[in-house]
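A short worksheet on the structure shown next.
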Amino acid sequence: MVVGEDCFMLLPQTKLDRLLGDRTAKAFARHLGLVTVADLLQHYPRRYAVRGDLTPIAEVPIGEPVTVVAEIVDFKERRMSGKTSHLLEVRITDGSAFLTLTFFNQAWRQKDLKPGARGLFAGKIGAFNGRLQLAHPEYELFDDEVDSAEASRWALQPIPIYPAASSVTTWAIGRAMAVVLDTLPALVDELPAEVVASENLLALDDAIRKIHQPAVAHDWQSARDTLRFHEAFLLQSALIQRKAQLAHLTTEVRAVATDGLLAEFDKALPFELTNGQRSVGNEILEDLASGHPMNRLLQGEVGSGKTLVALRAMLAVAESGGQSALIAPTEVLAAQHLASIRRTLGEALAAKLGLTLLTGSQNTAERKRALLQIVSGKAQLVVGTHALLADKVEFYDLAMVVIDEQHRFGVEQRETLRLKGRTAPHVLTMTATPIPRTLAVSVFGDLDISTLTELPAGRQAITSHVVQLSQPALIARTWSRVAEEVAKGHQVFVVCPRISETLDEAQPPLELDDLEELVDETNPKPRRPLAAVETMVEALRANPVLAGLTIEPMHGALASELKNVTMARFVAGEINVLVSTTVIEVGVDVPNATLMVVLDADRFGVSQLHQLRGRVGRGGNAGLCLMMTAAESGSLALERVRAVADTLDGFKLSEIDLELRGEGDVLGASQSGVRSGLRLLRVLRDADLIVRARQIASDLLTADPTLEKHPNLAETLSNLDAARQQNLSKG
Ligand code: ADP
Ligand code: MG
């Protein structure tokens with residue numbers, strides 16, 4: 001982990017071992033990824049528990065957390081199973097009834113727990129042999145007279161509950177936090193005092209302390225609000241700054257002629273451009289001719305024709321003599337792009353432009369040839385995967401980078417590419433996970449945004465249905481539907497969450513803690529194994545309804561040659577049913593595929609389902625998507641699948657998705673293994689706050705562009721930038 005890598009504030013970068021000792025520090029680093037004081041301080045509680053209102057012992061409910069004020073009556077010691085085990089039982093009373101406290105192997109507590117002492121005891125009430133007991137309660141003994149105000153203060157004090165690991169408990173984190181906070185020098189606030197005042201915020205130092213050690217609920221609430229504002233403000237300041245820096249960069253002017261490559265290509269197109277494709281195309285041409293690097297996000301519904309927009313931009317660049325690179329998130333998709341670009345351009349033009357593929361799994365000879373084409377500038381159009389990011393890949397004149405399916409790409413990776421050109425290349429980022437425009441401006445605040453809202457004419461709608469595993473008739477109907485579709489000459493996707501019963505796709509369907517938690521709570525892990533490609537292929541081949549069909553597997557663990565061959569066979573119509581993981585999630589374009597069956601659909605994210613579904617109904621034929629799930633009626637998991645089945649509106653779905661997933665993915669960072677700096681901020685929930693923070697940041701940076709008058713802010717932002725650079729060189 002890089003020091004300060006996602007430090008959003010001016011927090012001390014002291015290593016934790018200096019304060020906590022080696023062992024503890026190691027455990028914190030290993031299990032929670034916390035290395036520095038800054039890391040620890042930003043490890044915020046997930047929620048807060050309260051010890052509860054004081055309860056008379058006579059009324060304590062079993063299984064509930066309670067706090068009682070009581071006096072110690074007596075205690076008993078017992079040795080259990082030889083000498084190794086020791087049980088201390090302490091009886092307390094509040095006058096209404098008796099209660100037993102039990103401690104295992106904590107004989108030393110006798111010293112504290114003397115008969116006659118009074119105090120507060122908190123814990124969860126259990127019953128043992130018909131007696132009420134509190135096992136390992138928390139307690140605090142009173143010195144002399146009970147101050148009832150003091151007692152109720154203790155009882156109401158929120159107890160932070162941290163995201164913990166089994167070997168590092170929330171209590172251990174709380175104790176470490178206390179050690180660190182005790183020695184912590186006053187924190188520097190990077191927010192200008194006027195903003196702190198006008199926004200009603202706590203000072204940073206106060207907020208950090210109160211989020212970890214609140215005295216009352218109001219403390220952590222206002223601390224959380226303050227820290228949220230910090231995150232929003234710093235993110236927006238960084239984005240605005242970055243945008244301003246980019247605007248200062250200059251690059252070659254790339255203008256296109258009205259009778260050049262692009263014009264010829266347009267003339268030969270077998271269809272009309274949509275209005276959106278035309279106007280976004282013009283925006284891009286203006287960017288290319290502006291002499292400043294473009295930094296544009298193209299968002300558009302699945303099937304809206306983004307690739308064509310990208311290809312036209314690449315042609316414009318080629319016309320000016322420059323190279324473009326199109327980067328796809330998977331090898332399958334890169335190969336698809338290559339094939340469809342070749343088809344669209346025609347062999348002659350593709351050869352003339354030196355259309356070249358570069359992926360990680362090419363053999364040495366292929367790779368060498370590709371690298372040579374690229375460095376010599378003969379390859380004007382390069383299509384590839386992350387392999388294009390490798391240090392060894394040098395371009396002769398990289399003028400534009402197109403990143404397909406942005407949600408798989410980190411901000412950092414975008415930047416790595418930017419560094420590859422002689423002058424800063426133009427960057428076009430495409431995403432089919434659109435977010436509402438106002439929000440997009442805030443989240444992708446360093447980008448210009450274009451949106452394709454219409455689908456090409458003649459596109460058929462996709463119908464979606466949910467099939468619950470508890471409906472055997474519908475399941476049987478699903479498979480006969482597959483047979484019917486194939487009989488009509490069409491093709492079918494069957495999508496599974498797993499490769500085999502022991503193997504997941506490198507990118508598991510569910511990624512973020514948030515979602516896993518939701519799924520866990522409402523939809524316990526099925527006892528039956530999740531559908532897996534390997535098993536499903538066998539099962540379908542053995543299904544009499546599907547007799548005679550060509551059914552083949554497709555997933556990331558196949559040899560890449562086999563992947564290519566399989567995709568090519570599917571495109572050529574030689575395979576009737578492709579049983580696949582999410583490797584076909586994005587971009588795969590087989591117009592003859594009309595039916596998709598998604599197994600264990602609740603195991604996929606909302607956007608992922610929407611993306612998957614976009615693979616059918618791409619030709620002139622109507623598409624059908626059947627989402628099978630074992631999720632129970634009334635579960636949240638079923639709700640999510642229903643939500644996807646009920647709407648084709650990608651904007652709406654991305655809102656639902658955002659709500660469920662948190663923002664790691666929106667910012668792209670989680671994909672590259674770098675945690676997003678956002679801890680408390682949620683793009684949707686905090687949209688107003690983000691817009692507000694952006695306005696304040698923008699006013700401040702307009703008035704003081706070099707941040708001369710705001711040295712603390714300048715330092716934080718430059719730390720952030722340094723961390724970013726470090727991540728780049730690391731990656
Ligand atoms: P996206 O990447 O936005 O999901 P694609 O670029 O893959 O969509 O386009 C989907 C399909 O639509 C492709 O087969 C493409 O050739 C076709 N297409 C693109 N633009 C048009 C258009 N203007 N009219 C008709 N078909 C189009
Ligand atoms: Mg696409």
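Whatever order the structure lists ligands and atoms in, that order sets their numbers, starting from 1.
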side-chain hydrogen bond (donor to acceptor under 3.5 Å, both in side chains) evaluation trace for S450 with R296: CA-CA 7 Å; S450 306; R296 187 171 288 280; 2.8 Å; yes

Does anything in residues 555-568 pair up under salt bridge (charged side-chain N to carboxylate O under 4.0 Å, His left out), and if so which pairs, sequence neighbours excluded? none

What do we get for E272 next to ligand 1 when only non-hydrogen atoms under 4.0 Å count, side chain, backbone, both or neither?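 Contact part for E272 vs ligand 1: backbone (N, CA, C, O).
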
Taking only heavy atoms of [X], which atoms of ligand 1 are found under 4.0 Å from at least one of them?
| X | value |
| --- | --- |
| T307 | 2 (O), 5 (P), 6 (O), 7 (O) |
| T274 | 23 (N) |
| L273 | 23 (N) |

In terms of heavy-atom contacts, does NZ of K488 have more than 12 from other residues, nucleotides or ligands at under 6.0 Å?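 Yes, because the 6.0 Å sphere around NZ of K488 holds more than 12 heavy atoms from other groups.
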
Do R640 and D602 sit within salt-bridge range, that is, some charged N less than 4.0 Å from a carboxylate O? no

Is there a heavy atom of G300 sitting under 4.0 angstrom from any atom of ligand 1? no

Atom pairs and distances, donor-acceptor, side-chain atoms in residues 316-329, under 3.5 Å, two or more places apart:
residue, atom, partner, partner atom, Å
E319, OE1, L261, N, 3.3
E319, OE1, L262, N, 3.4
E319, OE2, A257, N, 2.8
S320, OG, R254, NH1, 3.1
S320, OG, V317, O, 2.7
Q323, OE1, Y396, N, 2.9
Q323, OE1, D397, N, 2.7
Q323, NE2, I374, O, 2.8
Q323, NE2, A379, O, 2.9

Ligand 1 and G305, any nitrogen or oxygen pair closer than 3.5 angstrom?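 G305 vs ligand 1: N/O contact under 3.5 Å present.
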
